[in-house]
Amino acid sequence: MSYTSISPHDARIQQQQGVPLIDIRQPDEFRREHLPDALSLPLEDLLAGKRLSAAAPAQTVIFHCQSGMRTQKNVEALIQAAAPAQVLLLEGGLANWKRAGLPTVQDKAQPRPLMQQVQIVAGSLVLLGVVLGYLLNPAFFLLSGFVGAGLLFAGLSGWCGMALLLAKMPWNRS
């Protein structure tokens, strides 16, 4: 099977004609901002073998993510999950949809996505270590090194202690 890319404006027209938009981002990303009437079906569920039950042979589905990279990278799994429906990928994802001036549903009361929180905290700690290292004591450079080592470990192992810790914070509890 194959897929076709679709522009945001064409996707909007398809959506108005009943074609489902499937958001493969994490649930926390979806809760903060998503396309109107989009369905949330995280990529992990699709990779674990979950299929779209509503797909009929003549039906079309449009998958999207934040920038289009996750959908492109995992297109084979998306095609399998949607079979036998025709698969369309939203060009540039949610970001391109917004650039096209199309509406989104936003809930700024929702916390930022967990990985974005990790980036903010890690970046802040590295910056703090550098500033304190220059201003007070070079030993503070160890803080930056520790955070860097943690990020390296998280990237290599797939286990991020900072993400686990942040997920337990009160603002991230659902």
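- A 4.5 Å side-chain heavy-atom check between L132 and N137 finds every atom pair outside the cut-off.
- With contacts defined as side-chain heavy-atom distances shorter than 4.5 Å, the pair R32/K108 qualifies.
- Between Y134 and F140, the ring center distance fails the sub-6.0 Å criterion.
- Under a hydrophobic-cluster definition in which Ile, Leu, Val, Met, Phe, Trp and Tyr are linked whenever side-chain heavy atoms come within less than 4.5 Å, directly or via other members, L114 and W171 are assigned to the same cluster.
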List the steps, then state whether side chain to side chain contact (heavy atoms under 4.5 Å, CB included) holds for Q17 with I13. CA-CA 6 Å; Q17 295 172 353; I13 292 167; 3.8 Å; yes

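- Residue A122 comes nearest to L151 through the heavy atom pair CB-CD1, 4.0 Å, listed as atom of the first residue, atom of the second, then distance.
- Sorted by first and then second residue, the pairs that involve residues 12-23 and meet salt bridge (charged side-chain N to carboxylate O under 4.0 Å, His left out), not counting sequence neighbours, are D23-R25.
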Show me the donor-acceptor pairs, under 3.5 Å and distance only, between side chains in residues 36-45 and residues at least two apart or in other chains.
from: E44; atom 1: OE1; to: Q26; atom 2: NE2; distance (Å): 2.4
from: E44; atom 1: OE2; to: Q26; atom 2: NE2; distance (Å): 3.0

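- Hydrophobic clustering (side-chain heavy atoms under 4.5 Å, transitive across Ile, Leu, Val, Met, Phe, Trp, Tyr) keeps V118 apart from F146.
- Once rounded to the nearest 0.5 Å, the distance linking OG1 of T71 with CD1 of I22 reads 12.5 Å.
- For the atom pair L166 CG and M115 CE, the distance stands at 8.0 Å (nearest 0.5 Å).
- Note that CG of L88 and CZ of F63 are 10.0 Å apart. Values are rounded to the nearest 0.5 Å.
- Under the 4.5 Å side-chain heavy-atom criterion for Ile, Leu, Val, Met, Phe, Trp and Tyr, V147 and L142 are members of distinct hydrophobic clusters.
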Check residues 89-101 and write down every donor-acceptor pair under 3.5 Å in which the side-chain atom is one partner and the other belongs to a residue at least two apart or another chain.
from: N96; atom 1: ND2; to: E91; atom 2: O; distance (Å): 2.8
from: W97; atom 1: NE1; to: P103; atom 2: O; distance (Å): 2.7
from: K98; atom 1: NZ; to: E33; atom 2: OE1; distance (Å): 3.1
from: K98; atom 1: NZ; to: E33; atom 2: OE2; distance (Å): 3.4

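- Residues meeting the side-chain hydrogen bond (donor to acceptor under 3.5 Å, both in side chains) test with D107, sequence neighbours left out: Q110.
- The salt bridge (charged side-chain N to carboxylate O under 4.0 Å, His left out) pairs that include a residue from residues 62-74 are E29-R70, where partners are two or more places apart or lie in different chains.
- More than 12 heavy atoms of other residues, nucleotides or ligands sit less than 6.0 Å from atom CD of Q116.
- Clustering ILVMFWY residues whenever any of their side-chain heavy atoms sit less than 4.5 angstrom apart, transitively, puts V87 in a cluster other than the one holding I6.
- Scored by the salt bridge (charged side-chain N to carboxylate O under 4.0 Å, His left out) test, R112 finds no partners at all (sequence neighbours excluded).
- Taking CG of L47 as the start and CG of L78 as the end, the distance is 8.0 Å to the nearest 0.5 Å.
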Could you walk me through whether L21 and H34 pass side chain to side chain contact (heavy atoms under 4.5 Å, CB included), step by step? CA-CA 10 Å; L21 292 172; H34 60 270; over 6 Å; no

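- Interatomic distance, CG of L143 versus CG of L127, reported as 10.5 Å (0.5 Å rounding).
- Taking CG of L35 as the start and CG of L102 as the end, the distance is 8.5 Å to the nearest 0.5 Å.
- Hydrophobic clustering places L136 together with L128 (ILVMFWY residues linked when any side-chain heavy atoms are closer than 4.5 Å, directly or through intermediates).
- At a threshold of 4.5 Å between non-hydrogen side-chain atoms, the residues L125 and M162 count as touching.
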